[in-house]
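See structure below.
Each chain gets a letter, A, B and so on, in the order the sequences are listed, and its residues count up from 1. In this text, all values refer to a predicted model and were calculated from it rather than measured experimentally.
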Amino acid sequence: MNFTMNKLSGILENVTISDSKQHFYLLEMQYFTEVLSHLMNDLLDKLNDMQQQAVLHDTGPLLILAGAGSGKTRVLTHRIAYLIRELGVSPYQIIALTFTNKAAGEMKERVASIVGEGAESVWVSTFHSSCVRILRRFIDTIGYDRAFTIYDSDDSKSLMKEVFKYLNIDSKQLKEKAVLAVISHAKDELVGPEVYAKDAPSDAINRKIAACYTEYQRRLKANNALDFDDLIFKTVELFQNNPDALEYYRRRFRYIMVDEYQDTNHAQFVLIKLLAHHVNDEGEIEKNLCVVGDDDQSIYRFRGADIRNILDFEDVYPNAVVIRLEQNYRSTGNILDAANNVIHNNIGRKDKTLWTANPTGEVTEVTCYENDNDEAAGVVSDIISRCDNEGYSYKDFAILYRTNAQSRAFEERLIYRNVPYRIIGGQNFYQRKEIKDMIAYLKVIDGSLDSLAVKRIINVPRRGIGLASIDRIDAYATEHDISFYEAMKNIEFIPQVARAKAAVNSFVSMIEVLRGKLAGGEYSIADLIDEILEATGYIDYLSEDDEPSKVEERIENINELISKMTAWADEQEDEDAAHDLKNFLDEIALVADIDGYSEDSDVVVLMTIHSAKGLEFPNVYLVGMEEGLFPSYMSINADNPADEIEEERRLCYVGITRAMQHLKMSYCKQRMMRGDIQFNKVSRFIKELPRNLIKMSGNQHSGRLSDTSFSSKSYSFENPRSDRSRPDSYASRSGSGGSYPASNTELPGIRSGGSSADASKLSDFLRSNPYAEKHKLPPAGLSAVADLGFGIGDTVRHYKFGEGVVTDIVKGGKDYEVTVNFPVGTKKMLASFAKLEKV
DNA sequence: AGTCACGTCGTTTTT
DNA sequence: CGACGTGACT
């Protein structure tokens with residue numbers, strides 16, 4: 001509290017008052033300070049010196065270099081609290097920018113818990129939603145309608161397809177995705193179509209891309225739509241073209257905080273710089289910008305993140321104060337050592353070494369498995385045994401991998417062993433067909449000028465409006481410079497569309513009716529879905545189309561959407577349903593997979609290392625540690641492998657530092673990739689770990705760890721036999737293959753047989769089913785309905801055969817073939833038909 | 001207009 | 001392997 005006291009005395013010294021009075025004031029102040037210190041105790045108490053310094057920093061630019069697990073969120077939230085509570089800053093004048101809604105939500109919550117009343121006025125949100133908020137207010141000044149829609153990557157791709165068609169570009173020569181990637185990068189760099197056309201090298205390919213960019217942007221505008229990158233780009237454009245808008249936000253945001261600063265791209269950098277320039281009433285420039293980041297955790301370069309933003313912060317903001325947070329509170333000493341050893345192989349980083357006062361802990365176990373299925377089996381077994389023997393819960397475990405495709409083997413194994421789990425990533429909830437259809441209806445009802453949404457649903461369910469009709473309506477719309485939907489209303493004047501005329505008319509009147517009901521206040525937005533389903537016969541359409549299990553899943557998803565909308569509408573103070581709808585559409589356009597992750601439910605969680613950034617788990621399995629997978633094939637064969645590999649290494653660093661108590665890594669001798677078998681070598685990142693920090697297990701081949709040289713293109717087909725003859729400096733020292741934990745009966749090397757062969761060996765199958773809690777509706781990101789509700793060894797009831805014991809479960813296609821021993825005999829049946837119930 | 005069968009291509013990571 | 005797109009056929 002000396003700090004506060006000194007500060008207050010300092011203030012007093014600058015005030016001219018008589019000595020006696022000053023003394024009096026000092027006493028007053030002393031009392032005041034005591035009260036204050038009481039208040040501040042909880043603010044500073046649990047913080048170390050560096051963290052306190054960061055919290056107490058008030059004016060001028062501040063760079064907090066926060067290592068993994070060093071408590072940066074705590075510092076950010078406490079700093080906000082300090083500004084409000086101690087410096088009397090109005091919450092309204094603070095903005096905190098994050099990358100995910102999850103991070104924003106957590107920050108909001110934590111600030112609210114410290115500050116209480118008023119915290120809700122702090123503007124805490126993602127870059128993208130902040131920009132939406134700003135643009136909704138001012139975008140009309142740069143030529144867009146304020147009711148713009150937001151395109152997700154699927155929408156962008158559809159639009160690009162139209163562009164390709166229009167420009168007669170063969171999608172075999174040039175990929176939509178590739179063009180979109182180039183455009184995205186250009187936008188990240190604030191390079192518009194004109195500049196791109198002018199500056200990009202004028203080879204044939206680039207001229208085509210430039211043409212696509214121009215046309216793509218023209219069509220976005222015609223649809224009154226912005227893609228993800230536009231949200232940032234257009235906000236910068238707005239600020240550069242509309243000084244009033246800029247001034248408004250400059251005045252408003254006296255304190256700007258940015259989380260994960262190392263992930264910002266150039267456009268975001270410029271945006272921040274524009275906002276951070278603030279002139280106070282005395283005409284002095286204050287840049288109360290506080291950024292937090294860690295260059296070692298910069299893993300989004302592929303998305304345009306520019307690591308220089310953080311490395312050059314002090315050059316851009318010359319009087320910046322730099323505070324380093326290097327004490328890690330999360331991991332054991334050994335885990336941290338491992339992380340430090342890996343990341344030290346990178347050059348071009350701000351050198352720092354994280355340390356911890358935590359116990360040393362155990363060494364990292366590195367296991368070699370025969371193949372990806374064995375790897376999954378080994379990891380899942382390990383999780384089960386540690387839950388049983390060490391008192392962990394499922395939620396204490398995370399399986400982290402480089403690519404989403406790797407989740408599959410683990411998912412199958414988790415189902416097989418009846419372990420509740422949750423996969424983050426893969427297909428986003430809002431990207432599912434049925435959800436996108438519903439959203440498209442909502443967008444059209446909302447009255448958006450977006451033609452993509454209309455085109456998506458105009459013939460879903462089938463109404464007999466084919467491609468030819470759509471093209472003609474489109475042509476009419478372009479010709480008369482009206483939206484696609486407006487053109488539909490004029491169907492009478494489009495001569496070529498004869499047969500579909502009635503269908504189009506009834507579609508339009510259906511939309512109009514729904515629109516009227518919404519405007520009339522008869523319905524909440526959730527009711528609207530019911531109305532749509534009924535008016536369109538959508539459920540029937542689903543039912544005739546897909547296989548039964550899929551249909552059920554889709555209907556469940558729609559129900560989930562309805563509950564999300566209900567929950568959303570309940571939170572809104574707004575009584576106007578039409579308004580609710582607009583806000584809801586904004587909200588869902590910007591959700592990320594990770595936003596749906598909650599620490600609460602007791603499930604094993606699976607995700608990419610990218611998604612795991614910012615999270616922590618007691619036990620982490622870093623799987624697929626193989627050359628070609630991690631670091632990825634793409635990075636090894638890139639034009640600039642050195643840079644790309646460094647990014648992969650940072651990713652590895654992020655993965656390692658997610659672990660609090662136990663870290664386990666694994667790799668496979670062979671793995672199924674794209675339908676054929678790949679033979680990968682152990683990842684170089686494992687070799688970067690000092691020997692005393694790891695324990696090798698599984699029967700890795702000789703030589704596997706001693707040889708880094710492999711041909712650049714194909715390192716598959718490494719012959720295991722010839723390998724074995726090579727000397728092995730590494731594995732032999734650690735006792736090759738010898739050290740399985742005794743509790744683990746299912747480790748690799750025993751045999752790489754199918755699951756039923758494994759099952760017979762697994763006595764622990766007969767243990768009671770730990771999985772009591774039934775899954776509720778699949779939350780966003782859950783890729784499949786995970787459980788059958790029973791596992792091998794459980795007793796189940798069949799409506800006809802009575803009670804029996806499950807002896808085997810085999811996944812076949814979308815269903816499970818369950819073998820059950822009934823009194824009447826052993827029966828094999830499909831889970832979806834048998835309606836088996838656990839007893 | 002809609003459906004079925006075959007071929008191609010892809011997997012890095014995502015707001 | 002599996003998703004998706006194209007093309008021919010009904």
Side-chain angles (χ1 to χ4, degrees), chain A residues 97-104 125-132 150-154 156-157 161 164 170-172 175-178 180-181 184 187-188 226-232 260 263-265 267-268 298-305 372 400-409 424-428 430-431 433 459 461-470 499-500 503 544-545 588-595 607-613 624 628-638 644-645 647-648 650-652 654-655 671-678 781 813-814:
Chain A
L97 293 166
T98 65
F99 277 88
T100 65
N101 295 304
K102 182 174 194 287
S125 78
T126 65
F127 274 97
H128 294 268
S129 11
S130 298
C131 287
V132 171
I150 303 163
Y151 276 6
D152 65 17
S153 22
D154 287 342
S156 296
K157 204 175 168 199
K161 264 183 199 154
F164 270 39
D170 183 4
S171 62
K172 281 193 180 89
K175 298 265 162 295
E176 286 97 347
K177 252 176 97 180
L180 282 169
S184 173
K187 287 182 176 178
D188 288 344
L226 302 188
D227 66 15
F228 282 140
D229 304 307
D230 279 343
L231 293 176
I232 315 286
E260 308 279 19
D263 290 337
T264 50
N265 61 33
Q268 286 157 338
S298 158
I299 54 173
Y300 283 109
R301 208 172 56 145
F302 71 92
R303 203 169 69 186
D372 43 351
L400 307 182
Y401 36 74
R402 178 67 238 269
T403 65
N404 278 308
Q406 286 166 262
S407 66
R408 203 159 157 158
I424 311 291
Q427 206 195 18
N428 185 308
Y430 293 104
Q431 286 172 336
K433 263 192 203 75
N459 205 28
R462 299 205 168 84
R463 299 185 176 88
I465 307 173
L467 226 61
S469 305
I470 293 176
R499 241 168 81 202
E544 71 199 36
D545 216 51
I588 61 172
L590 299 170
V591 294
D593 295 318
I594 195 67
D595 297 336
M607 62 179 99
T608 61
I609 305 171
H610 279 92
S611 297
K613 190 160 72 128
L629 190 58
F630 192 24
S632 77
Y633 171 83
M634 301 286 267
S635 65
I636 296 170
N637 286 341
E644 303 257 329
I645 296 280
E647 172 121 339
E648 296 279 307
R650 288 192 292 269
L651 188 58
C652 183
V654 169
R671 124 178 355 257
M672 277 291 257
M673 280 171 94
R674 280 195 232 139
D676 52 19
I677 298 171
Q678 294 273 319
K814 303 285 175 212

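Residues forming a side chain to side chain contact (heavy atoms under 4.5 Å, CB included) with A:A178 (at least two apart in sequence, or on another chain): A:K175. The side chain to side chain contact (heavy atoms under 4.5 Å, CB included) test applied to A:S407 returns A:Y401, A:I423, not counting sequence neighbours. By the salt bridge (Lys or Arg N to Asp or Glu O under 4.0 Å) test, A:D188 is found to be paired with no residue, residues two or more places apart in sequence or in another chain being considered. The ring pair (Phe, Tyr, Trp, His ring centres under 6.0 Å) test applied to A:F99 returns A:F127, not counting sequence neighbours.
With contacts defined as side-chain heavy-atom distances shorter than 4.5 Å, the pair A:D230/A:Y151 does not qualify.
Nucleic acid contact for A:L467: sugar-phosphate only, since backbone atoms but no base atoms lie under 4.0 Å from a heavy atom of the residue. When heavy atoms are screened at a 4.0 angstrom cut-off, A:R408 is found touching the sugar-phosphate backbone but no base atom. A:D227 comes within 4.0 angstrom of nothing in the nucleic acid, heavy atoms only.
In this structure, A:A103 and A:T98 approach most closely via the heavy-atom pair CB-CB, 4.0 Å.
For B:dT3, one of the phosphate oxygens OP1 or OP2 lies less than 4.0 angstrom from a side-chain nitrogen or oxygen of A:R462.
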Spell out protein contact along nucleotides 10-15 of chain B as letters: B when the base is contacted, S when just the sugar-phosphate is, - when no protein heavy atom is under 4.0 Å; keep the 5' to 3' order. BBBBBB
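Comparing the P positions of C:dC4 and B:dT13 gives a spacing of 15 Å, expressed to the nearest Å.
Ring geometry for A:H128 versus A:F228: interplanar angle over 60°, hence perpendicular rather than tilted (30 to 60°).
The distance from the CD atom of A:Q406 to the CG atom of A:L400 is 10.5 Å, given to the nearest 0.5 Å.
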Identify all pairs in which a protein N or O lies below 3.5 Å from an N or O of nucleotides 4-7 of chain C, and state each distance.
residue: C:dG5; atom: OP1; partner: A:K161; partner atom: NZ; Å: 2.7

